[in-house]
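Input: a single structure, listed below in structure tokens.
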Protein chains: 2
Amino acid sequence: MRHSTYECNKGCPVEATLEIIGGKWKGVILYHLLENTYRFGELRKMMPGITQHTLTKQLRELEGDNLVLRKIYAEVPPRVEYSLTERGESLREIILMMRDWGRVHLGL
Amino acid sequence: MRHSTYECNKGCPVEATLEIIGGKWKGVILYHLLENTYRFGELRKMMPGITQHTLTKQLRELEGDNLVLRKIYAEVPPRVEYSLTERGESLREIILMMRDWGRVHLGL
DNA sequence: TGACGTAGTATTAAAAAACATACTAATGCT
DNA sequence: AGCATTAGTATGTTTTTTAATACTACGTCA
């Protein structure tokens, strides 16, 4: 929670939700994780354009907001798998609606 | 359209939609305009924290993306009213879902 | 022994977003 | 004449976000 309740005005819930999923890459990360668990390197390949540094940071933030689960395997070379938590899963409908809106209204 | 179609990979529609509504204040602006037409000064009062400069900029971008209509009345002191276009209206469901998600999952 | 693969970290630089503050134009009102 | 009102613009600064590049650790395999 980034805002305390008592200073929350009407638009707050919208604002707060956007703070969580509104990063440049977060929506896309979540979208990919909707269909599968992926390793770090796989996600990177799916999002050409994002740097390793930024991907790490976004994933950590999503993990911090409890939307994404980070599972580390004690192997060499290292293996780390990312999946949605239950809370992340609860965003499915919203993410899919945004995808559909983009398709329809932006011709993508 | 910020992206050309042929370089669009799978997550693109989500990304593009978020680019349009994902600004710090845009979701909130749209949310308020869902219920009414408002003047510049009214919007400002509803969003304590945003500066005049930023509000102007966000509104211009929303106008540029054809989500918001800006109607100027030739009066003094000036009067400018902002309302949703049809395209902006088409985001209603998404915005409301984000509001609901925030209420439920962020306790707002 | 030394290169390979994976998931990072560290550091610095650049770009984008937001903020703070002051200023303007036009008219009506006193 | 001078002040109030509204929706801005202008300018400069700070903060946040993203990018670029180089580096690390560790076991495996040749």
Side-chain angles (χ1 to χ4, degrees), chain A residues 2-3 7 9 11-12 14-16 18-30 32-33 36-65 68-83, chain B residues 2-3 7 9 11-12 14-16 18-30 32-33 36-65 68-83:
Chain A
R2 274 120 164 151
H3 306 263
E7 54 171 306
N9 41 14
C12 255
V14 180
E15 187 181 341
L18 273 173
E19 264 183 42
I20 284 186
I21 63 175
K24 179 166 178 187
W25 299 100
K26 287 186 186 170
V28 188
I29 294 171
L30 292 172
H32 288 306
L33 292 180
N36 227 320
T37 291
Y38 287 115
R39 307 178 54 168
F40 184 84
E42 291 175 319
L43 286 172
R44 198 147 75 98
K45 271 172 218 144
M46 291 171 165
M47 289 176 275
I50 194 173
T51 63
Q52 198 170 25
H53 186 114
T54 302
L55 179 54
T56 298
K57 203 184 155 219
Q58 305 274 295
L59 284 168
R60 289 296 195 288
E61 286 176 13
L62 289 170
E63 194 194 359
D65 285 326
V68 160
L69 183 72
R70 181 163 173 262
K71 189 169 179 190
I72 306 158
Y73 294 84
E75 300 176 3
V76 167
R79 181 152 71 103
V80 180
E81 284 186 353
Y82 292 92
S83 58
Chain B
R2 275 119 163 152
H3 306 264
E7 54 173 305
N9 41 15
C12 255
V14 180
E15 188 182 340
L18 273 172
E19 263 182 43
I20 285 185
I21 63 174
K24 181 168 179 188
W25 299 99
K26 286 186 187 171
V28 188
I29 294 171
L30 292 173
H32 288 306
L33 292 180
N36 228 319
T37 290
Y38 286 115
R39 307 177 56 167
F40 184 84
E42 290 175 319
L43 286 171
R44 198 147 75 99
K45 271 172 216 142
M46 291 170 164
M47 291 176 273
I50 195 174
T51 63
Q52 199 171 24
H53 187 113
T54 302
L55 178 54
T56 299
K57 202 183 155 220
Q58 305 274 296
L59 285 168
R60 289 296 195 288
E61 286 175 14
L62 289 170
E63 194 194 359
D65 285 325
V68 159
L69 182 73
R70 180 163 173 263
K71 190 169 179 190
I72 306 158
Y73 293 83
E75 302 176 2
V76 168
R79 181 153 72 105
V80 179
E81 283 185 352
Y82 292 93
S83 59

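Below, chain A is the first sequence line, B the second, and so on; all start at residue 1. Values below: all heavy atoms of this structure, side chains included; hydrogens, waters and symmetry mates excluded. Please read these numbers as outputs of a predicted model, since none were measured by experiment.
Remark: A:Lys57 is not in phosphate contact with C:dG8, judged by side-chain N or O atoms under 4.0 Å from OP1 or OP2. Within the 4.0 Å cut-off from OP1 or OP2 of C:dT6, not a single side-chain nitrogen or oxygen of A:Arg39 is found. Phosphate proximity of D:dT9 to B:Arg60: present, with a side-chain N or O under 4.0 Å from OP1 or OP2. Listed pair A:Tyr82 / C:dG8 meets the phosphate criterion, a side-chain N or O lying under 4.0 Å from OP1 or OP2. For the pair A:Gln58 and D:dT18, the criterion of a side-chain N or O lying under 4.0 Å from OP1 or OP2 is met. Phosphate contact (OP1/OP2 of D:dA7, side-chain N/O of B:Arg44, threshold under 4.0 Å): absent. OP1 or OP2 of D:dC26 has not a single side-chain nitrogen or oxygen of A:Arg79 nearer than 4.0 Å. For A:Lys24 and C:dA16, the shortest distance from a side-chain N or O to OP1 or OP2 is not below 4.0 Å. The side chain of B:Tyr38 places no N or O atom within less than 4.0 Å of a non-bridging phosphate oxygen (OP1 or OP2) of D:dA7. Distances shorter than 4.0 Å separate some side-chain N or O of B:Thr54 from OP1 or OP2 on C:dC19.
The base of C:dT21 does not come close enough to the side chain of B:His53 for any donor and acceptor atom to sit less than 3.5 Å apart.
Counting only heavy atoms from C-beta on, A:Trp25 has its side chain closest to D:dA19 among D:dG8, D:dA19, C:dC19. The listed nucleotides are C:dC19, D:dG8, C:dG5; the one nearest the side chain of B:Phe40 is D:dG8.
Residue B:Glu75 is classed as having no contact, given no heavy-atom separation below 4.0 Å to the nucleic acid. Contacts of B:Gly49 with the nucleic acid, taken as non-hydrogen atoms under 4.0 Å apart, involve only primed sugar atoms and P, OP1 or OP2.
Whole-Å rounding puts the A:Arg70 CZ to C:dT6 P distance at 17 Å. A straight line from CD1 of A:Ile72 to P of C:dG8 spans 7 Å, rounded to a whole angstrom. Rounded to an integer number of Å, the gap from A:Gln52 CD to C:dT12 P is 19 Å. A straight line from CD of B:Glu19 to P of D:dT18 spans 11 Å, rounded to a whole angstrom.
Mapped onto DNA chain D by nearest heavy atom, A:Pro78 and A:Ile50 fall at different nucleotides, with A:Ile50 at the one closer to the 5' end.
Of all heavy-atom pairs spanning B:Glu42 and B:Thr37, the tightest one is OE1-O, 4.4 Å.
Using a distance-only test at 3.5 Å, with no hydrogens or angles considered, a donor-acceptor pair links the side chain of A:Thr56 to the main chain of A:Gln52.
Annotation: cation-pi pair A:Arg79/A:Tyr73 present, NZ/CZ under 6.0 Å from the ring centroid and within 45° of its normal.
Classification of the B:His32-B:Tyr38 ring pair by plane angle, with boundaries at 30° and 60°, yields perpendicular.
Residues B:Ile29 and B:Leu33 have side chains in contact (heavy-atom distance under 4.5 Å, counting atoms from C-beta outward).
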